[in-house]
Amino acid sequence: MNSAISMIREKNKNLKPCIHGGAVWEAASMAGFRREEILDFSSSVNPLGPSPNALEAMRGSFGQIASYPDSNSTQLRKVIANHFKGISGDNVIVGNGSTELIYLFAETFMERGDLALVPAPTFSEYERAVRKAEGRLKFVKLDSRFHVNPNAFARALKGSRVAFFCNPNNPTSVLTPAERLTAIVERALEENAFVFLDEDFLEFVDEGERFSLISKIRLYANLFVLRSFTKIFGLTGLRVGYGIASEEIISLMLDAKLPWNVNCLAQSAAVAALADEEHLKKTRELIRGEKAFLTHGLKRIKAFKVFPADANFILMDVRQSGYTAAQVAEKLLRKGILIRDCSSFRGLDEYYVRVAVKTRRENERLLEAFEEIVGENYGE
Ligand SMILES: Cc1ncc(COP(=O)(O)O)c(C=O)c1O
C-alpha cells in the first residue's frame, strides 16, 4: 500500500489543529506540576465551575449510559427554546460543544471555493472550518482598538457566502453594539450571505441579552447565532453548545450532523444548568467585581497596556515589559500559572496575552506573579 500521506485529500494536506487556551495537561507535564496544581487563566470559563444542580442531574443520568442518547437532543432543545421565548425547539440545534456547530455550518452551507469573511483577530476555528469545507477566506482587520469598521465590513461582504462574527470577540473582549450587527446582517441579506454570529461569551456581559440577536432570527433568514454551555455554565469538559436560527437552517443542519453527537450526561446536565438562575446570578456578580479588581491591578503594572474588557477575559499588550508574550507565559508557568499567549491569533503580533477573570484569591496570585516577573525586567 502507498503511504497514507500520499493518499490524504488535498484539502486536508496543510490542516493543523488550532492553538487554544486551557491546555492544562500539557502545561503541567511541561512545567513539572500535577494538573491540579496549575492555575488556569488561559481558558475563559466560569471560575465557580458548573451549577451543583447540573452535576446532580448528570449523576442522575448514569443509568442511561447503556443506551444511545437522544440523537437530536429534543428535550434540551425545548428547554433552550423556552429559556429565550419567541422561538421553538425547531429553531435550536445542539452540538458537541459549539465548535461542532462551526464546522457543521461551514460543511452544510459552503461549496468549494465559496468566500467566507472573518475578522482579524478572532477565534481561530472559523478559519479552520472554512478551510475544511474547501472555502476561501477573506480577513477584515479590526481597528487599533479592535472595533469593527461597519462600512469596511459591509463592503467586504460583497461576494461572500458567510460572514463569521464573534460578539463579544475572543481574544479582544470587545462588544459590538446590536445595531451595528443588525446593519451587517441586513447588508449580508442583500448579498445572499449568511451571518454566523458567535455569542458564546455574551452571558458574561452586563445585561448581555440586550446585545443578543437571538430575537432577530425570525426577521433574518440568513442569521445563525451560536451559544455554548462551556463558558458561563462551566460544563467545559462535557462538550455541549447550541445554535439558534430559522427552522429551515436548523433542519438542514440536523440532517447533515453526525448521529448521537451529544452524550446523555451532557444533555441532562445542560437542562439543569439552564434552570439554575441562582448560580448564573452568583457567577455574574463575581465576574463583575473581580473584573474591576483584576483590571485595576493590571493597570497598575505600567509595562502592560490593558484593553477595556466587555467579557470575562482581558487582553493586554506586554511589549513595554521587554518580554514577548511567550516569555511572560513561560515565566508564569514556572510559577504554576497558565495564561494565553495570543501570538497564534491572526492579526496580533507576539506581544499580546489574554487572562481570564477568576476568583479573588486566584486573581491576587496572578497579579503577584506578574509583578514579580515584570519587576525583574522593568524595575517596578
Ligand atoms: C469565541 C468562541 N467560540 C466558540 C468556542 C468553542 O467553544 P465550545 O466548543 O467549548 O463550545 C470557543 C472556545 O474557546 C470560543 O472562544
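Counting convention: from 1, in listed order, for ligands and their atoms alike. Everything numeric here is computed off the predicted structure, so don't read it as measured data. Along the sequence shown, residues carry numbers from 1.
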Report task. Kindly say whether Ser42 contributes a backbone atom to a donor-acceptor pair with the side chain of Arg340 at under 3.5 angstrom? Result -> no
Query raised in the report: Is Lys291 reaching over with its side chain to a backbone N or O of Ala311, donor-acceptor style, under 3.5 angstrom?
Result: yes
Query raised in the report: Does any N/O atom on Asn170 come nearer than 3.5 Å to any N/O atom on ligand 1?
Result: yes
Parallel, tilted or perpendicular: which one describes the rings of [X] and [Y], with boundaries at 30° and 60°?
X: Phe224; Y: Phe105; value: tilted
X: Tyr352; Y: Phe146; value: perpendicular
X: Phe194; Y: Phe109; value: tilted
X: Phe313; Y: Phe201; value: perpendicular

Report yes or no: does [X] have a heavy atom closer than 4.0 Å to ligand 1?
X: Ser98; answer: yes
X: Phe229; answer: no
X: Glu100; answer: no
X: Lys231; answer: yes

Please identify which atoms of ligand 1 are closer than 4.0 Å to at least one heavy atom of [X].
X: Cys166; value: 1 (C)
X: Arg239; value: 8 (P), 9 (O), 10 (O)
X: Gly97; value: 9 (O), 11 (O)
X: Ser228; value: 8 (P), 11 (O)
X: Asp198; value: 1 (C), 2 (C), 3 (N), 4 (C)
X: Thr230; value: 8 (P), 10 (O), 11 (O)

Report task. Measure the shortest side-chain to side-chain distance between Asn46 and His279 over non-hydrogen atoms and say whether it is less than 4.5 angstrom. Result -> yes
Requested in this report: Flag the pair Glu290 and Arg360 as a salt bridge only when some basic side-chain nitrogen lies within less than 4.0 angstrom of an acidic carboxylate oxygen.
Outcome: yes
Query raised in the report: Taking 4.0 angstrom as the limit, do Glu364 and Arg361 come out as a salt bridge?
Result: yes
Query raised in the report: Given that the side chain starts at C-beta and the backbone is N, CA, C, O, which of these parts of Thr99 lies under 4.0 Å from ligand 1, counting heavy atoms, or is it both or neither?
Result: both
Query raised in the report: Looking only at protein heavy atoms, which one is nearest to atom 4 (C) of ligand 1, and how far off is it?
Result: Asp200 OD2, 2.9 Å
